[in-house]
Structures are given as C-alpha cells and as structure tokens.
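Below you'll find the structure, written out as structure tokens, and then a few comments.
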Amino acid sequence: MSDAINRDTIQQLTTGHYADPFSILGMHKTSAGFTIRAFLPDALQVDVLDKQTQQSLATLTQVDETGFFSGRLPARSQPYQYQLLIQWQDHQQVIEDPYRFGPLLQEMDSWLLAEGTHLRPYERLGAHPTRLDNVDGVTFTVWAPNALRVSVVGEFNFWDGRRHPMRFRKENGIWELFIPHVQIGQIYKYEVINCHGQPTLKADPYAFSAEMRPNTASRISQLPPRVAMSDKRRAANAFSAPVSIYEVHLGSWRRHTDDNSWLSYKELAEQLIPYVKYMGFTHIELMPMSEHPFDGSWGYQPIGIYAPTRRFGDVEEFRDLVDAAHQAGINVLLDWVPAHFPTDAHGLAQFDGTSLYEYSDPKEGFHQDWNTLIYNYSRLEVRNYLSGNALYWMERFGIDGLRVDAVASMIYRNYSRADGEWIPNKFGGNENLEAIDFVRYTNKTIGTECPGAATIAEESTDYPGVTLPPDMGGLGFHYKWNLGWMHDSLDYMSLDPVHRQYHHDLLTFGMLYAYTENFVLPLSHDEVVHGKRSLLGRMPGDTWQQFANLRAYYGFMWAHPGKKLLFMGGEFAQGREWDHDSSLDWHLLDPIQGGWHNGVQDLVRDLNHCYQQQAPLYQLDFDPRGFEWLVVDDKQNSVFAFVRRDDEGNEVVVVSNFTPVPRENYRIGIDIAGEYREILNTDSEFYRGSNTGNHGGVHSDDIPAHGRNHSLQLMLPPLATIYLRRES
C-alpha cells in the first residue's frame, strides 16, 4: 500500500463521510515500512508508544488541521503492539487505537445472521463489554446495509460522528467496531449517514438498556446471564395445570401516595409479588416491558425491544422482580409486541434511509389504527431480530411465557383495511404468509430451546389451528385468548336480569367451540378502558345487585373450561375505568366503604384457592370428558348447571342463577348418587352476600330429572354461583 493518502480521501474521512475507515486508519504496511494514521480532532500532538516498553517510537505528523495525523515507524518484520499518547489542550492521555483490531464477527455468526437463522442474534449484535487482545472495551455491531457510513457516538467521544466510524461487512450489511476504554453505563447511539447522504442518530436496536424517556440514547449494559427453567415452572404452564393469571401494568398498579410517582422494581418485588401470592394467582402477566417513548401506549409501541424499561429501575432490578415471583412460586408471563413499532426518528423507522425493518409500501407497512409501522416479516434479518428477542426474554430473564399481542394484525394483510388498501399475497389471498412463517418459526424455536415455556396468542378471528403444532398446519401457540367468550359473557352480564332469558345462548355458545383451541378466558385491560366502563360498572341494578352480579360472573368464569386471566383492579371490583397515570383505587378496601369491595376481593382469593385445590376445575380443560351440561335450557329462570370432572372421575357441580330471585327446591339431575358438599357460594356473607345456600351441602335423591336417574334439590341463591363437590 502506498504511504500517501490524497486530500480528497482525508477530507471525506475528517468530515465523517468515508465508509472504509480501516483502509486508512490504524497501522498499515507500505512500501516504506509500517505507517500509522489516526484522526483525533483537537489533539495537539500524537506519539506512538511501544505497548510493552512504553517507549516512544515516533511522533506523528499532523497532515490536516482537522486532526488527521500520520507517521512512519522504525522498520520491523511484524506489526507493532502499540498505543497512542495524545497531548490534549489541558492533559495527556494514553489510548488503545480502535483501528488496530481486526474484524469482530466470526464466519459462522456472519453466515447465520445473513440467512436469518441465528438463534441468539443479540449475543453478537448490539453493544457488548468485551476484553479483546487483553484490552477492555465494548464491541458495537449494527445492521444497516444501505447506509453510506455508520459511526458510534456517545458521551465517550463528544457525540462526534467523525471520531469512531465503523467497519462495513459487505457480506451481511453489518457495521462493527471495538472501542477500547468505553465502560458499562455510558450512553451511545449510532450516527448513520443514510443512503440519501443525510445524517441521523439512531438508538441501538439490540441495546439491553436505554435512557429514561424523554431521552432516547442507548446505554451500555452487560448481557444478563442465563436463567435456568425449573421443572416446577414448566409444570405450572401445562395444559393440565391450574392457570390463573393476574394481568398487571406496573406503572399504575400502585403508586407513591405523596407524589404519585412509580414504584420501583424493588418496591414492586416487595409489594406486588406477596399480594399476588396472597390472592392465589398462579401467574402474573406483565404488560409490555420493552422500552417505549410514550406512557400512553402502555408499552404497546416499543422502540427498544431488548431493553427493559428504565421507568422502574435497571436491568438487574427487573431480573430481581422476576426472581422474586419465582421464589414465591408464581410464573411470569410477558406481553410481547412483534406486530408493529412506532415511527419515532431515533427508532427503527427508515433506519438506513430505506424501509429496512418495515415494509416499504404503506399498504403493507403502515398500520392505520395505531399510526405505527409493520415489521417486514419477509426479511430474514427482521424475523431473526424478533424471534431472537422472544428467546432473549425467556433465557436471560426467566420469563415463563409470552402473550403475543395483535396476532390477527400480523397474519392478515387486510386487517382493518378496506378494499384497495391492501396487497394480496402471491396466491391472491389475504394471509400474510411471511408473518405466519415467522410465528411458526418462533413458536417452534421456543419449544425446542425453552421446553415448558408457553406462548399465548391474542388472536381475534377464527383463524384455524392457532394452538395446533406447526407440523400439523397450526401456528404453534400453546394457548389462545377466547375473545368470543369474553364478549358474549360480558354482553350477557350487562343485560338487566329480566332480559337475560332472551339471550341465554350468549353463555352456552362458547361450549360449541370450546375444544377447537386451548383457550384462556380473558378479562383484560382492554375491557376497562376507552369508555367501556369497569367490570363492576357494566353490571346492572343497584349496588347490591351490581356486586352480586360480578361475584356470580366470576364464579361462573372460574368453573368454565379454560385458563383464567383477570386484569388488576378487577379482583376488588374497582368502580372506575383504568387510568395508566394513577394508582388503582386501593382506598375502596377501607372498611369505611362498607366492605363491598373487600367481599369481591375475598371471593377472588377463595376462587383461586378452590380452583387449585379441585382438579376437576382445571385438569381436563381441553378434553370433552372434563365438562357436561346438566341444565342448559332453563332460559326462563336464567339458570345454568354443569359438572366438571378430572381424570379420576371426581366431580364438581356448578350452578349459576343469574336473576335476583332465589330458587327454592330447584332440582338438577345427576349421574352419581351421594353426598354433595357446597364448597363455594358467591352469595356467602363472607363476600357480602345474602347468605342464602344449602347449609353446607345436600344428599342426592333417587328422583329422575333431566334424563338422569338421580337429582339434587337445591336452594339457588339470587345472582349467585355455587360449587358442590361430590364426596366419595
């Protein structure tokens, strides 16, 4: 190589527009020996030191007033191990030259990243504290194939994009650089000169930590160590296990009373986890925890999907919260958003000047409902970015499962679009075949790499086989939210009891498709916002009837086939809609409020414990042997009765009376004679009910009813659900 660098090249480099800095900077063998070049704006003098002896080998000449230095070294057969001694205006500094280090990505990683099959792309991309050639620093790696130049900028280089331009790997479109002396905790971004020649500042898509909003820089953080999944945690996710999920928005579950500030991860570990344990929930589902710029998105518009939000603390404190749940025997589910991302300039949008992460055509790439961008699932690197993130949360934080948001918006090209506003697939259909492949691949990967972890689909259509394995043509989820059951049952409960007889099928219809998927029954955050009112607010009647209706509904839900999910506040019948900017109304549990809300809280706690203690209520949720209607057509009285069974034939009889009229001497046919003990009654005085019931239990009569040889004569409390267990 020639020793001479022409002025045009130097100008491109010093103005931050040269795309191949390693071809100029660092040590190079020339016809005249070894030459070292460095670009160090504001440096007064630069000396080259022998790293081993610390003796000065040469003083570099300042070739350009912008700070470009160059000089020859004494002849040697091999390259020097050297350092640079820099004289600044007010101090001296010895540094390792970033441009003396070779390529970072290994051939196998480069290959896997290029073909989109790297299971853990986050182990190579992003910022990683590293010791390289006995030098401590950070490796930075980012995918931006169409950029003209990418630099690392941060508090360690005055946010000057000229100082640390990166090496471009043409084979995979990745830019890389090892910067010595950079430390954990420092903030950074990538300065990208995009394909149009415009400089933009971008947060790291693979950053493990970020600044607190409204600041947007990434923060250097150590990749968390792996968390092993225990057999107990695996068993808690099983189809035959009791699954009762408490859905939580960490920013509004509880706040400090003095200034309305958030609780920290540490405070949540101390307060939330014991509460969830006391209430008997088996799982806690956290609404999206990835970093997001806007509080009002509730986390559903994430910018940094690899970074737990700084709102409540740092990465380790979030890991401690998850660990506290595990120590309490509670599994942790995470709301995951691979469907879309916001258009904020520091994020993924037009990352290198092209539609890199998103589809380029707005008919594919712009989500009209949420003003967000849709991931381009046909691009292998994007699919890898997302599927790797799913594995990241499970392996690095101990997350036990993912609730996947807005699946329907991913798998349908015409989701929420009128004719002419969407592009058909290659076969002319409305399915997004690339998104479907991505979902199947991700679920299969999780099943292989994290056996026992669960994925749960929020899928709002009747797409077939959501919970079937991919090799059977399904999407591969373990569970699916039963949004049809939720809408029907809430519509029924919102009716005045006098009208319920005309809508009886709203509560029976769900059993016609109950075994088509593995369902979760969700009463989620979506049902208590945007003018829908709280669950309590939907119940008709006076105060007594509203609370009785809600208790009866919960009793029916906890006995119905399907796993359970309840959004925070529902467990004590919060009266107003959820507000993400304020705490739940915990004051309602003050005895001065009359005890109505305490009654619902006590009921939900007892429902959870009863549910876990009675195998018939959960063991055969997805097997027709586990459920049978006993009374399905008593529309006039709005009474429903069914039996739940387990694998050993144990039974729990469930009866709901959805009118405010007590039903005395109500006879229900049963198959097996015996003593039936009343194990739960939502009208109990313990729950602030009227305490109407069956005095602890009844014995069957040899009187035929409903086509069965035996029957029970019951007192059905008003607006109530009762459970009766057959004693062996």
Side-chain angles (χ1 to χ4, degrees), residues 1-41 43 46 48 51 57-58 60-73 75-84 86 95-107 109-110 114 132-133 135 137-153 157 160-180 190-195 197 199 352-353:
M1 176 184 285
S2 170
D3 189 24
I5 301 293
N6 65 55
R7 287 288 174 181
D8 287 343
T9 300
I10 293 175
Q11 184 178 18
Q12 288 183 57
L13 178 75
T14 58
T15 56
H17 287 80
Y18 196 73
D20 190 13
F22 279 84
S23 67
I24 299 175
L25 301 176
M27 178 180 286
H28 294 273
K29 191 171 185 178
T30 69
S31 57
F34 287 107
T35 296
I36 288 182
R37 308 185 194 97
F39 178 54
L40 297 162
V46 180
V48 181
K51 184 172 181 179
L57 300 174
L60 302 184
T61 302
Q62 184 168 348
V63 178
D64 190 272
E65 62 183 9
T66 57
F68 185 78
F69 293 82
S70 180
R72 291 181 186 157
L73 298 182
R76 281 191 186 180
S77 60
Q78 296 298 324
Y80 289 87
Q81 288 285 324
Y82 70 92
Q83 294 174 313
L84 300 178
I86 307 170
I95 70 166
E96 301 285 347
D97 185 358
Y99 297 95
R100 78 169 179 83
F101 296 91
L104 303 178
L105 279 178
Q106 300 300 308
E107 184 176 349
D109 288 314
S110 182
L132 196 62
D133 196 16
V135 176
V138 174
T139 60
F140 295 89
T141 317
V142 64
W143 178 58
N146 304 297
L148 301 182
R149 189 268 289 158
V150 181
S151 292
V152 183
V153 296
N157 65 6
D160 186 346
R162 301 172 302 162
R163 294 176 184 266
H164 287 115
M166 306 175 78
R167 173 191 286 114
F168 183 53
R169 303 288 295 268
K170 294 181 180 179
E171 69 271 25
N172 53 24
I174 288 173
W175 301 77
E176 62 179 16
L177 185 66
F178 173 70
I179 305 182
Y190 295 112
E191 183 180 271
V192 179
I193 295 184
N194 65 27
C195 63
D352 61 3

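Sequential numbering from 1 along the given sequence is applied to the chain's residues. Any value given below was found using the heavy atoms of this structure, including those in side chains, with hydrogens, waters and symmetry copies removed. Here the structure is a predicted model, which is why all the values come from computation and not from measurement.
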Any residue meeting side chain to side chain contact (heavy atoms under 4.5 Å, CB included) with Gln81, in chain and number order, not counting sequence neighbours = Lys51, Arg100, Asp133

key: Side-chain touch Val152/Tyr190, heavy atoms, less than 4.5 angstrom   = yes

Nearest-0.5 Å distance, CG of residue Asp20 to CZ of residue Arg167 = 9.0 Å

ask   = Short question: side chain of His28, backbone of Leu25 - any donor-acceptor pair under 3.5 Å?
value = yes

request  = Using a 4.5 Å cut-off on heavy atoms from C-beta on, say whether the side chain of Leu132 contacts that of Leu104.
outcome  = yes

ask   = What heavy-atom pair brings Ala38 and Leu84 nearest, and what distance separates the two atoms?
value = CB-CD1, 4.1 Å

remark   = In short, salt bridge (Lys or Arg N to Asp or Glu O under 4.0 Å) pairs touching residues 4-13 with sequence neighbours left out are Arg7-Asp64

message = Any non-hydrogen side-chain atom of Arg37 less than 4.5 Å from a side-chain atom of Val63?
response = no

message = Assess the residue pair Phe39 and Phe68 against the criterion (ring-ring contact (aromatic ring centres under 6.0 Å, His included)); give the C-alpha distance rounded to whole Å, side-chain angles, the decisive distance to 0.1 Å, and a yes or no.
response = CA-CA 4 Å; Phe39 178 54; Phe68 185 78; 7.1 Å; no

request  = Would you indicate whether Gln11, at its atom CD, is surrounded by more than 12 heavy atoms from other residues, nucleotides or ligands within a distance under 6.0 Å?
outcome  = no

query = Side chains of Asn172 and Leu105: does their closest heavy-atom pair fall under 4.5 Å?
reply = yes

key: Test side-chain hydrogen bond (donor to acceptor under 3.5 Å, both in side chains) applied to Arg149 and Gln12, His17, Glu191, the passing residue   = Glu191

pair Ile174-Ser110: side-chain heavy atoms closer than 4.5 Å = no

inquiry  = Is the shortest side-chain heavy-atom distance between Pro103 and Phe22 below 4.5 Å?
reply    = no

remark   = From the list Phe101, Phe140, Tyr99, ring-ring contact (aromatic ring centres under 6.0 Å, His included) partner of Phe178 resolves to Phe101

query = Got a second to check how far Thr14's OG1 is from Arg162's CZ, nearest 0.5 Å?
reply = 7.5 Å

task = Specify the closest pair of heavy atoms between Val150 and Ala144, including all atoms of both residues, with the distance to one decimal.
result = CG2-CB, 4.2 Å

ask   = At their closest point, which heavy atom of Thr9 faces which heavy atom of Ile24, and how far apart are they?
value = CG2-CD1, 3.1 Å

key: Atom pair CG/OG1 of Leu60 and Thr35 - distance to nearest 0.5 Å   = 10.0 Å

query = What's the spacing between Cys195 SG and Leu148 CG if we round to 0.5 Å?
reply = 7.0 Å

